[in-house]
Amino acid sequence: MLLKKQTILERILKEITGMDNVLLGEGGEHADLATTIAFALAKQKKQAPVKIAQDLVADLSKHPELAGITVEAKGPYINFIFGKEYVSDTIKAAVKPGYGSLEKKTTRVVLEHTSANPNGPLHVGHIRNSIIGDTLARAFRKAGYRLEVQYYVNDMGRQIAIVVWGFTHLDSTQHDGEKEDAHIARIYIAANREIEKDPGITQQVNELMQLVEKGDTLTVKKFRNEVSRCLEGFEVTMKNLNVAHDRFVWESDFIRNGYTERIIGRIRKLPQAKQEETLALDLSEFGFENKYVIRRSDGTSVYAARDLAFHAWKGANFDRVIDVLGADHKLIGAQLQCTMKLLGEKVPEIVHFEFVSLPEGSMSTRAGKFVSADDLITEINKKAFDEVTARRPELDEPARRAIAQSVGLAAVRYDIVKVSPEKSTVFDWKEALDFERQSGPYIQYSHSRACSILDKAGPFEECCDLETPAEIALAKQIAKLPMVIERVIAELRPHILATYARELADTFNSFYHFDPVLKSEGDVRNRRLTLVKAAQNTLKESLETLGIDAIRSM
RNA sequence: GGGCUUGUGGCUUAGCUUGGACAUAGCGCCGGGCUUCUAACCCGGAUGUCGAGGGUUCAAAUCCCUCCAAGCCCGCCA
């Protein structure tokens with residue numbers, strides 16, 4: 001609705017002014033939309049911006065398509081304020097299930113996220129990837145795309161070889177109640193300690209890697225076995241975070257099915273290819289200074305080669321290929337994109353996010369320096385349960401547990417998704433465990449309030465003609481959801497939705513305190529209940545797109 | 001050394017891609033508000049040389065240049 005209005009206004013402004021860029025944008029507190037085009041026209045027309053704005057307003061007010069929109073000049077600014085029809089149309093749309101969804105599209109999108117090395121549990125850095133990726137996935141589905149979400153399993157790396165070495169040479173008994181991925185991490189850390197003491201072990205690790213590349217059945221089986229166990233652990237964690245993948249794609253498959261060999265053959269024919277001891281690409285003409293090695297001197301492939309094969313496969317099966325990767329992958333990501341372009345393949349779009357570190361420094365699985373996602377979830381559920389028990393002592397324990405779980409999940413997901421991906425962060429227990437303003441639970445709370453009002457109201461007649469400033473402000477905030485979804489997809493930045501949902505909750509809470517709903521009567525009661533229903537539905541759709549439960553009571 | 005990213009009140013953070021009307025919000029601080037729809041809330045107040053300096057422009061947090069600081073990356077690892 002807002003999108004449609006903006007398109008119409010842009011077109012009309014272009015017609016009238018003849019300008020390419022009509023400088024139409026948000027009007028903030030002054031208007032629903034505003035333009036500063038008068039400044040741009042001032043030079044060309046040799047008139048004062050204020051005069052130009054007045055003249056334009058005179059022309060615009062007569063325009064038949066702008067009926068119902070107040071057009072006014074405030075100094076050099078031209079403001080557009082939408083009328084009652086816009087507000088009531090918004091509410092009519094927003095009370096319907098699925099509000100905010102965009103038109104179905106035929107574009108097939110593949111989104112890869114998390115893809116952590118299976119050598120230890122997911123930590124708070126990995127889940128930034130999961131949560132950004134999963135929120136993007138939900139936004140893509142809401143925007144009507146056909147989507148498949150993939151996890152790329154790095155099952156033939158050095159890390160895994162070290163894990164396998166550890167399981168064969170060290171005491172690797174699983175402790176009672178120890179989670180699979182935590183067990184793997186313990187052995188991985190121990191194996192690394194042994195390697196530090198005796199560098200000769202590295203040779204044994206290298207041999208394991210060569211056996212895998214050659215396809216030695218027993219070694220491949222060992223690798224697969226440990227990786228699968230680690231993934232079992234990951235799946236428990238991701239389920240707790242409400243994160244899901246449609247398919248796990250195994251890196252080693254791209255050796256076995258010959259795709260890697262095939263892409264290496266094509267790379268060799270590129271003018272940038274340098275076959276010396278290694279096969280490498282010289283991408284210096286594109287600003288990459290280091291050699292991009294594809295095949296080792298012993299003939300085995302490196303990660304980059306398998307990754308190219310994987311991406312060629314994705315490009316052949318999907319219209320858009322999107323990867324969510326940590327900032328440490330920026331260089332290799334750019335080299336991958338560059339090479340895909342040289343090969344004439346579809347170029348993947350890469351979403352990078354900056355690192356999460358601990359107050360004492362960066363995290364390291366190898367050194368055992370990390371806060372695991374499982375520990376975070378356990379702590380947050382504990383705190384949430386205490387909180388629910390304090391606020392709702394009358395509920396039985398299972399009910400309190402259920403609420404606590406949803407609240408904990410909301411706190412974790414929101415705390416991570418609310419920050420722009422390009423910002424590096426330091427993990428902070430106090431902030432992660434906060435359930436107050438600017439948190440996921442705060443938005444859930446607003447939703448529960450709306451539900452509570454609707455539950456108490458009983459049946460009512462829907463009425464979309466709003467009056468008071470608080471009512472109109474809320475309706476206009478509700479109107480923005482479809483455009484927010486559109487922006488998240490266009491910019492691949494899910495924190496935009498997080499900000500929006502918080503602002504929607506703010507606006508709803510403000511309305512809640514200024515305009516009584518159940519105590520009002522007649523038409524006023526009906527229209528406010530309709531608005532509450534629209535707000536509840538919009539909060540629900542926003543929360544669910546953020547992967548947060550829209551609980552009805554908390 | 002080179003590249004990428006970031007620097008916004010005491011702390012955390014939006015806005016920067018598309019320059020424009022008093023820079024967004026939270027925590028903390030000060031002062032108010034529950035016999036009235038869930039106070040995980042709301043209302044009001046104090047706190048800012050938007051890292052520093054220069055430039056472009058009628059107009060710069062936003063664009064350009066230089067510098068400073070932090071994180072990440074520069075492997076026949078993945």
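Throughout, a chain's letter reflects where its sequence line sits, starting with A, and its residues are numbered from 1.
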| Within the structure shown, what part of the strands sits under 4.0 Å from A/Q444 by heavy-atom distance: base, sugar-phosphate, or nothing? | nothing

| query | Within the structure shown, what part of the strands sits under 4.0 Å from A/S362 by heavy-atom distance: base, sugar-phosphate, or nothing? | reply | sugar-phosphate

| task | Kindly indicate whether the side chain of A/N79 and the base of B/A21 share any N or O donor-acceptor pair separated by less than 3.5 Å? | result | yes

| Between A/F355 (CZ) and B/G71 (P), how many Å, whole number? | 13 Å

| request: May I ask you to decide if the ring planes of A/Y151 and A/F234 are parallel, tilted or perpendicular, using 30° and 60° as cut-offs? | output: tilted

| CG of A/L543 versus C1' of B/A40: gap in Å, rounded? | 14 Å

| request: May I ask you to say what A/K519 touches in the nucleic acid, namely base, sugar-phosphate or nothing, with a heavy-atom cut-off under 4.0 Å? | output: base

| query | In whole Å, what is the span from the CD atom of A/E213 to the C1' atom of B/A78? | reply | 13 Å

| message | Regarding B/C76, can its base be found pairing with the side chain of A/S297 as donor and acceptor, where the two atoms are less than 3.5 Å apart? | response | yes

| remark: Which of B/A21, B/U17, B/A78 is nearest the side chain of A/E491? It is B/U17

| request: Determine the contact category for A/V356: base if any of its heavy atoms lies under 4.0 Å from a base atom, sugar-phosphate if only primed atoms, P, OP1 or OP2 are that close, otherwise nothing. | output: nothing

| A/V293 near the nucleic acid: base, sugar-phosphate alone, or nothing, with a heavy-atom cut-off under 4.0 Å? | sugar-phosphate

| task | If the plane angle is over 60° it's perpendicular, under 30° parallel, otherwise tilted; pick one for A/F427 and A/W429. | result | perpendicular

| message | From the set B/U5, B/C58, B/A78, return the single nucleotide nearest to any side-chain atom of A/H329. | response | B/A78

| When the C1' atoms of B/A60 and B/C65 are considered, how many whole Å apart are they? | 15 Å

| request: Report yes if a side-chain nitrogen or oxygen of A/Y512 is closer than 4.0 Å to either non-bridging phosphate oxygen (OP1 or OP2) of B/A39; otherwise report no. | output: yes

| task | Could you check A/A327 against A/K330 and say which one's nearest nucleotide on RNA chain B is further toward the 5' end? | result | A/K330

| task | Give a yes/no on whether any side-chain N or O of A/R437 is located under 4.0 angstrom from OP1 or OP2 of B/G26. | result | yes

Quick one: which protein N/O atoms are closer than 3.5 Å to N/O atoms of nucleotides 12-15 of chain B? Pair and distance per line, please.
from  : atom 1 : to     : atom 2 : distance (Å)
B/A14 : OP1    : A/S420 : N      : 3.0
B/A14 : OP1    : A/S420 : OG     : 2.2
B/A14 : OP2    : A/K423 : NZ     : 2.4
B/G15 : OP1    : A/H495 : NE2    : 3.1

| request: Provide the distance between the two P atoms, one in B/C29 and one in B/G75, to the nearest whole Å. | output: 50 Å

| query | For A/R366 and B/A78, is the shortest distance between a side-chain N/O and OP1 or OP2 below 4.0 Å? | reply | no

| message | Over all strands shown, is A/I332 touching base, sugar-phosphate only, or nothing at heavy-atom distances under 4.0 angstrom? | response | base

| Hey, does the Lys NZ or Arg CZ of A/R525 hover above the aromatic six-ring of A/F460, less than 6.0 Å from the centre and inside 45° of the axis? | no

| message | Output the rounded distance in Å from CG (A/L325) to P (B/A78). | response | 16 Å

| said: Classify A/R391 by what it touches in the nucleic acid, base, sugar-phosphate, or nothing, heavy-atom distance under 4.0 Å. | reply: base

| task | Considering just the side-chain nitrogens and oxygens of A/Y442, establish if one lies under 4.0 Å of OP1 or OP2 belonging to B/C42. | result | yes

| said: Measuring from the side chain of A/I403 (C-beta onward, heavy atoms only), which nucleotide among B/A40, B/C72, B/U57 has the closest atom? | reply: B/A40

| query | Within the structure shown, what part of the strands sits under 4.0 Å from A/D515 by heavy-atom distance: base, sugar-phosphate, or nothing? | reply | base

| said: Without decimals, in angstroms, what is the distance between A/Q203 CD and B/C77 P? | reply: 13 Å

| said: So, OP1 or OP2 of B/C43: does either fall under 4.0 Å of a side-chain N or O from A/S510? | reply: yes

| task | Remember a base hit wins even if backbone is also touched, and classify A/A457 as base, sugar-phosphate or nothing at under 4.0 Å, heavy atoms. | result | nothing

Under 3.5 Å, which donor-acceptor pairs do the side chains of residues 34-48 of chain A form with other protein atoms, sequence neighbours left out?
from  : atom 1 : to    : atom 2 : distance (Å)
A/T35 : OG1    : A/V22 : O      : 2.7
A/T35 : OG1    : A/L23 : O      : 3.4
A/T35 : OG1    : A/I37 : N      : 3.0

| said: Taking any heavy-atom pair under 4.0 Å as a contact, classify A/V532: base, sugar-phosphate, or nothing. | reply: nothing

| note | Heavy-atom nearest nucleotide on RNA chain B taken for A/F435 and for A/L331; more 5' hit belongs to A/F435

| said: I need the CG-P distance between A/D434 and B/A25, as an integer number of Å. | reply: 18 Å

| message | Work out how far the P atom of B/U49 is from that of B/A61, and round it to whole angstrom. | response | 13 Å

| query | May A/F39 be described as stacking on the base of B/A59, applying a 5.5 Å centroid limit and a 30° limit on plane angle? | reply | no

| query | Hey, does A/Q275 have a side-chain heavy atom less than 4.5 Å from the side chain of A/R268? | reply | yes

| task | Please check if the distance between the ring centroids of A/F435 and A/Y442 is under 6.0 Å. | result | no

Just distance, no hydrogens or angles: give the donor-acceptor pairs under 3.5 Å from side chains in residues 493-502 of chain A, sequence neighbours left out.
from   : atom 1 : to     : atom 2 : distance (Å)
A/R493 : NH1    : A/E422 : OE1    : 3.0
A/R493 : NH1    : A/E422 : OE2    : 3.1
A/T499 : OG1    : A/H495 : O      : 3.1
A/Y500 : OH     : A/Q477 : O      : 2.8
A/R502 : NE     : A/D506 : OD2    : 3.4

| OP1, OP2 of B/C77 versus side-chain N and O of A/R296: anything below 4.0 Å? | yes

| What nucleotide among B/C76, B/C22, B/C42 has an atom nearest to a side-chain atom of A/E29? | B/C22

| field | Distance, P atom - from B/A46 to B/U12, rounded to whole angstrom | value | 23 Å

| Taking the P atom of each, how far is B/U18 from B/U6, in whole Å? | 15 Å

